[in-house]
Amino acid sequence: MLRLRFAPSPTGYLHVGGARTALFNWLLARRSGGVFILRIEDTDISRSTEEAIEAIIEDMRWLGLDWDEGPEVGGDHWPYRQTGRAALYLEAAHGLLEEGRAYRCFCLPEELAERRERAAAEGRSPMYDRRCRDIPAEEAAGMEKEGRPFALRFLVPEGETVVEDLIRGDVAFSNAEIEDFVLLRNDGSPTYNLAVVVDDLEMRVSHVVRGDDHLPNTPKQVLLYRALGAGEPAFAHLPMIVGQDGKPLSKRHGDVSVGRFREMGFLPEAMVNFLALLGWSLDDSTTLIDRETLVANFALERVSSKPAVWDDDKLTWMNAQYIMALGDEELARVLMPVMVGAGLIAADDEEARERLQRAAPLIRERIKVLSDAVPLLAFLFGEVEVVDDSRELLRGDENVSILRETGKRLLELGRFASSDIETSLRDMADELSIKARKAFQPIRVAIAGSKVSPPLFESMEILGREKCMQRIARALETAREG
RNA sequence: GGCGCAUUAGUCUAGUUGGCCUAGGACGCCGCCCUCUCAAGGCGGAGAUCGCGGGUUCGAAUCCCGCAUGCGCUACCA
């Protein structure tokens, strides 16, 4: 049984890189009928916050990445955050010390930083020089008793460590390049390398799938697993996600937080599809892939080892595809909070909700993100303000006569249905010997306040005869004012 | 500095063991069609000597070496 985990550190919101990592782990778990674990990596207490944890959980839920063990759902390896698991790390570290696989280091962080700087300046290797390794055990114990603070360092053995990576193949590291890294800080707290290994071991994680910025750290962890007398899990290091300039994705590239994409009106299904394609592909030609297909086909074998570049245009296009696939009711349902958020509809306005229901199909093919609906539909839910560069279409003899005649015909119409409106107004255009496309523009401006709008006649039907008449009248007034 | 990873069109990518690649798909772009505006849709088009230089081979985007470039790691951050 595969056991996978996503282990974010709650120092901020969930960004798209983390979301991609979470998704790949989730897909692997679902594909194999395995277990997906969410674990909060908060060993850095000063930078971790509860708000960040909540935000991450919310975004994971929004993306539909449910976990089988972790915060809010429990599991056999509780707690699923590192604060609260201190005893485990201490136990492992002391075991290592007793076996002589780790040693006390009394160097102070400031001294180390200074030495590192000097070494760099002199062109020497900045690695820890192991000066505390040879302090005799009794002496070290004595210093400990005196109350001298110390960190616990791992004694890196000689040799070579090979990381068997499922995506990159075997990657060899010479142990001589790995310094005796710190396991326990001088305040007794565990470092990342110790905590992940102990947690992944205790949680029986079978596959560690994470960003490839962790690859150089992996030999340290492999060494730790072995020192602890355990086998290591399988590793897979995902390529980084970079911006179009090849630099790691950051705020400079615009929005990188999952929450922002949600706010802008991206659909979770589109995000999931897009994220999946960041480093993975189904075949040589499929781009639109639904969740079920993803779950049924995802495999590490088809994960690329080169950096994945974030392409905003493609995400936007993809989102539009998913919006177009939505049914009428579904579309209206997801649009509702957006309209409410924009202040165009009151949350409890049932009549407006129904109007939105009728209007939604008109804009399905015209929006790429949900928030695009706001400017397009505003004229149906509030008063219109004719945008300046459209004003000219209300002036001039021809336009004025079109508007007058339109007003007359709308009044005389029996049923105020789009097909009847269209028939009548086309007849009008014929009678006035004006091309349809030319005749309808002033009407559009009068009704929607803009040269661009959803289909005119359907919009008029939804707006209703009274409102339409009012707007035609308003437009004629504007024309008269010059 | 050391170690590691990567390098296919403006962009995202396919190309698992070298020949079916005269390099496939998609975004974007351009043109035409459709059309009440804008979209959507249909059809067509431009765009890659597969980072550079060697080598192995009958044959290399695919294997090897070197170089260049980019990125990551090198913390008592994760």
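Each chain gets a letter, A, B and so on, in the order its sequence line appears, and its residues count up from 1.
Using a 4.0 Å heavy-atom criterion, one finds that A:P8 contacts no nucleic acid atom at all. Within 4.0 Å (heavy atoms only), A:E301 reaches no atom of the nucleic acid at all. Among the atoms of the strands shown, base atoms are found under 4.0 Å from some heavy atom of A:E458. In this structure, A:L108 reaches the bases: a heavy-atom distance under 4.0 Å links it to at least one base atom across the strands shown. No contact: A:H237 has no heavy atom under 4.0 Å from any strand. If you check every strand for non-hydrogen atoms under 4.0 Å, A:F181 touches nothing. Note on A:P109: a base of the nucleic acid sits closer than 4.0 angstrom, heavy atoms only. Contact annotation for A:M324: backbone-only contact, meaning every heavy-atom pair under 4.0 Å involves sugar-phosphate atoms and none involves a base. Here A:T43 lies in heavy-atom contact (under 4.0 Å) with sugar-phosphate atoms only. At a threshold of 4.0 angstrom between heavy atoms, the contacts of A:N186 include nucleobase atoms, whether or not backbone atoms are also involved. Across all strands shown, A:A320 has no heavy atoms under 4.0 Å from either base or sugar-phosphate atoms. Among the atoms of the strands shown, none is found under 4.0 Å from any heavy atom of A:S125. At a threshold of 4.0 angstrom between heavy atoms, the contacts of A:R302 are confined to the sugar-phosphate backbone, with no base atom among them.
Annotation: B:U7 and B:A48 have their C1' atoms spaced 14 Å apart (nearest Å). Spacing between B:U16 and B:A9 at atom C1', rounded to whole Å, works out to 24 Å. The separation of B:C64 from B:C73, taken at their P atoms, amounts to 27 Å, rounded to a whole angstrom. Taking the P atom of each, B:G55 and B:A46 are spaced 35 Å apart, rounded to whole Å. Nucleotides B:G19 and B:G24 place their P atoms 16 Å apart, quoted to the nearest Å. Atom name P, nucleotides B:A6 and B:U17: the rounded distance is 14 Å, in whole Å. Taking the C1' atoms as reference points, B:A23 lies 14 Å from B:G47, given to the whole Å. If you take atom C1' in B:C43 and the same atom in B:U56, they sit 47 Å apart, rounded to whole Å.
When all heavy atoms of A:M203 and A:I37 are compared, the pair lying nearest together is O-CD1, 4.2 Å.
Across the strands present, B:A23 finds no partner; the criterion is a Watson-Crick or G-U wobble pair with both atom distances under 3.5 angstrom. Taking a pair to require two hydrogen-bonding distances under 3.5 Å in either a Watson-Crick or a G-U wobble arrangement, B:C34 remains unpaired. Within the shown strands, nothing qualifies as a pairing partner of B:U17 under the Watson-Crick or G-U definition with both distances less than 3.5 Å. With a 3.5 Å ceiling on both atom-pair distances, B:A60 lacks any Watson-Crick or G-U wobble partner. With a cut-off of 3.5 Å on both Watson-Crick or G-U wobble distances, the partner of B:G70 is given as B:C5.
When the side chain to side chain donor-acceptor pair (under 3.5 Å) test is applied to A:S281, the partners found at least two apart in sequence or on another chain are A:R302. Remark: A:R124 pairs with A:E122 by the side chain to side chain donor-acceptor pair (under 3.5 Å) rule, at least two apart or across chains. Residues passing the salt bridge (charged side-chain N to carboxylate O under 4.0 Å, His left out) test with A:E422 are A:R426, sequence neighbours excluded. Taking the side-chain contact (heavy atoms from CB on, under 4.5 Å) definition, one finds that A:E398 meets it with A:I402, A:I434, A:K438, sequence neighbours left out. Residues meeting the side chain to side chain donor-acceptor pair (under 3.5 Å) test with A:N175, sequence neighbours left out: A:T161. For A:S285, the side chain to side chain donor-acceptor pair (under 3.5 Å) criterion is met by no residue, not counting sequence neighbours.
Listed by first and then second residue, the salt bridge (charged side-chain N to carboxylate O under 4.0 Å, His left out) pairs involving residues 160-170 of chain A are A:R168-A:D212 (not counting sequence neighbours). Sorted pairs that involve residues 304-321 of chain A and meet salt bridge (charged side-chain N to carboxylate O under 4.0 Å, His left out), not counting sequence neighbours, are lacking altogether.
Distance alone, capped at 3.5 Å, is enough to place a donor-acceptor pair between the A:T218 side chain and the A:H214 backbone. Between the side chain of A:R465 and the main chain of A:L413, a donor-acceptor pair closer than 3.5 Å is present. Using modelled atom types, no side-chain atom of A:R81 and backbone atom of A:D42 make a donor-acceptor pair closer than 3.5 Å.
With RNA chain B read from its 5' end, the first of the two nearest nucleotides for A:N193 and A:K247 is the one closest to A:K247. The nearest heavy atom of RNA chain B to A:Q441 and to A:S281 marks one nucleotide each, and the one closer to the 5' end goes with A:S281.
For RNA chain B, the outermost nucleotides in 5' to 3' order that have an atom under 4.0 Å from a heavy atom of chain A are B:G1 to B:A78.
If you check residues 216-224 of chain A against RNA chain B, the residues with a heavy atom closer than 4.0 Å are A:P216, A:N217, listed by number. At a non-hydrogen distance threshold of 4.0 Å, A:A151, A:R153 from residues 147-159 of chain A come into contact with RNA chain B.
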Extract all donor-acceptor atom pairs below 3.5 Å that involve side chains of residues 7-16 of chain A and protein atoms in other chains or at least two apart in sequence.
from  : atom 1 : to    : atom 2 : distance (Å)
A:H15 : ND1    : A:G17 : N      : 3.2
A:H15 : ND1    : A:G18 : N      : 3.4

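Taking OG1 of A:T316 as the start and CE of A:M264 as the end, the distance is 8.0 Å to the nearest 0.5 Å.
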